Amino acid sequence: MAEQKRYSVGIDIGGTHFRIGAVSPEGEVFHFRKLPSRQIFHSDAPLRDLSEYLASYRSVLAVEGIEIEAVAIGFPATLDRERMRVLQAPNLSFMENLPVVATLTAQLNLPVFIERDVTMALCYDAKKYDVPMEGIICAFYFGTGIGNAICIDGRPLIGKNGTAGELGHIPADGSDLPCGCGNVGCMENLAGGKYLAHLQQTRYPDASIDELFALHGGEPQLLQFVDRMAECVATEINILDPDFVLLGGGVPAMKGFPRDVLNSRIRAHTRKPRPAENLSILYVGDEDDKGVVGAALYARQQQRIRK
């Protein structure tokens, strides 16, 4: 009888796409799938939808002798401190305040872990780029919004209520723009991809969003946008003095994005002489399976911690 292979399943649930894969202990991904989220969540019982899909996925893996040892799910959301429920998810409101971990653990008879998607991304990037998991790592992912994850000595910083690392929701002086979190004037409304799309539509209709920096990167409005990104990053650096700063997401990956300008503005806003003169800044990729692999790595970390 062939020996069974024990893999962790990583899941990245977004408002638009659902990604899943079985990840070996060596980090190889099998049966990676990217589907519209609405294809998974199609009823008024989202946990039942997810459980049924995972049962079907498990059967596919079993045919190839792959046994699931744990499941980990990344959400673009705030979570409770115990990491059992989703608190707020503007793009996944149907998942809020449901007993995700308890329900799936019982139905799958497997360890199930949930965490913010940016923490899963940090796990992936630390592994890929050989970033030591000692000290403080701050990761910033500029996409539609501003994703932020903080890891201290190998453990995610979660805070009293489980909601640490919401950097995109620091207040921006003078802004009265409403935010999906329920507040008004959050920084991600001025330094996230939504605002970049607004600039493209209102000021640069000649350029597609993908070519915005390539064609207009030197103009004041876009330089101001980059400076606001730097303000976010420098704010956290000045508070935490991290060992490593990871920068990623769809915005820094755009064609013509001025990384040299962002770097210089981060240093301009960072306290002198230290940490400004001793920053370790690393740009990371935006791989399609990052959240899946990162979730599987997170599952293994949690299993080691809890043994």
Side-chain angles (χ1 to χ4, degrees), residues 5-14 17-34 61 66-77 79 83 110-143 146-158 164-165 167 233 236-237 240-253 259 279-307:
K5 298 166 280 188
R6 294 178 60 81
Y7 292 6
S8 294
V9 167
I11 301 171
D12 182 10
I13 301 179
H17 291 110
F18 175 98
R19 297 172 175 86
I20 187 170
V23 183
S24 74
E26 296 75 32
E28 295 179 280
V29 185
F30 294 84
H31 290 285
F32 174 75
R33 295 176 179 175
K34 178 180 177 182
L61 297 179
I66 296 175
E67 180 182 353
I68 301 175
E69 61 181 5
V71 174
I73 308 169
F75 289 97
L79 309 176
R83 288 340 198 212
L110 288 169
V112 175
F113 307 99
I114 65 172
E115 188 45 87
R116 297 161 66 231
D117 56 356
V118 287
T119 298
M120 306 307 200
L122 189 158
C123 290
Y124 175 94
D125 288 326
K127 177 77 171 178
K128 178 176 179 179
Y129 297 97
D130 295 320
V131 176
M133 292 298 280
E134 296 86 28
I136 301 173
I137 304 170
C138 293
F140 307 88
Y141 300 99
F142 290 89
I146 301 172
N148 175 222
I150 302 161
C151 193
I152 301 177
D153 292 330
R155 291 179 182 248
L157 177 67
I158 62 173
L167 185 66
V233 175
E236 190 160 285
I237 290 173
L240 293 177
D241 186 19
D243 296 82
F244 288 92
V245 174
L246 308 183
L247 291 173
V251 173
R259 293 184 177 184
L279 293 177
S280 296
I281 297 176
L282 178 65
Y283 282 85
V284 298
D286 199 29
E287 298 85 354
D288 210 24
D289 63 357
K290 173 184 287 197
V292 165
V293 178
L297 292 170
Y298 177 82
R300 292 199 174 94
Q301 290 174 7
Q302 292 303 302
Q303 286 179 295
R304 287 195 296 270
I305 289 170
R306 299 181 189 193
K307 280 183 179 178

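Side chains included, hydrogens not; waters and symmetry mates left out as well; all remaining heavy atoms used. Nothing here was measured: the structure is a model prediction, and the numbers come from that model.
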Please tell me if the side chains of V118 and N148 come closer than 4.5 Å, counting only heavy atoms from C-beta onward. no
Contact check, side chains of K128 and E287, non-hydrogen atoms, under 4.5 Å: yes
Heavy atoms of D289 and Y124 approach each other most closely as OD1-OH, 4.4 Å
For the residue pair A295 and G10, what are the closest heavy atoms and their distance? CB-CA, 3.7 Å
Hey, are the side chains of I11 and F18 touching, using non-hydrogen atoms and a 4.5 Å cut-off? yes
How close do R300 and R6 get, counting heavy atoms only, and between which atoms? NH2-O, 4.2 Å
Begin from the C-alpha positions of K290 and D125 and carry the test salt bridge (Lys or Arg N to Asp or Glu O under 4.0 Å) through to its verdict. CA-CA 8 Å; K290 173 184 287 197; D125 288 326; 2.9 Å; yes
Using side-chain heavy atoms (C-beta onward) and a distance below 4.5 Å, is C151 in contact with M133? yes
Is it the case that the side chain of D153 and the backbone of G135 share a donor-acceptor pair, with hydrogens and angles ignored and the cut-off at 3.5 Å? yes
Can you name the one residue among I136, I137, I281, L282 that meets side-chain contact (heavy atoms from CB on, under 4.5 Å) with V245? I281
Test side-chain contact (heavy atoms from CB on, under 4.5 Å) on F32 and D288 and set out the steps. CA-CA 10 Å; F32 174 75; D288 210 24; 4.1 Å; yes
Can you tell me if R259 uses its side chain to pair, donor with acceptor, with the backbone of Y283 under 3.5 Å? no
Rounded to the nearest 0.5 Å, what separation is found between the CZ atom of F113 and the OH atom of Y298? 7.5 Å
Mind listing the closest non-hydrogen atom pair of C123 and G294 along with its distance? CB-O, 3.8 Å
Kindly indicate, with the supporting measurements, whether the criterion side-chain contact (heavy atoms from CB on, under 4.5 Å) is fulfilled by R83 and I158. CA-CA 9 Å; R83 288 340 198 212; I158 62 173; 3.3 Å; yes
Tell me whether R116 contacts the main-chain N or O of A149 through its side chain, where contact means a donor paired with an acceptor under 3.5 Å. no
To the nearest 0.5 Å, what is the distance between OH on Y7 and CD on E26? 7.0 Å
I150 side, atom CD1; L157 side, atom CG - distance, nearest 0.5 Å: 5.0 Å
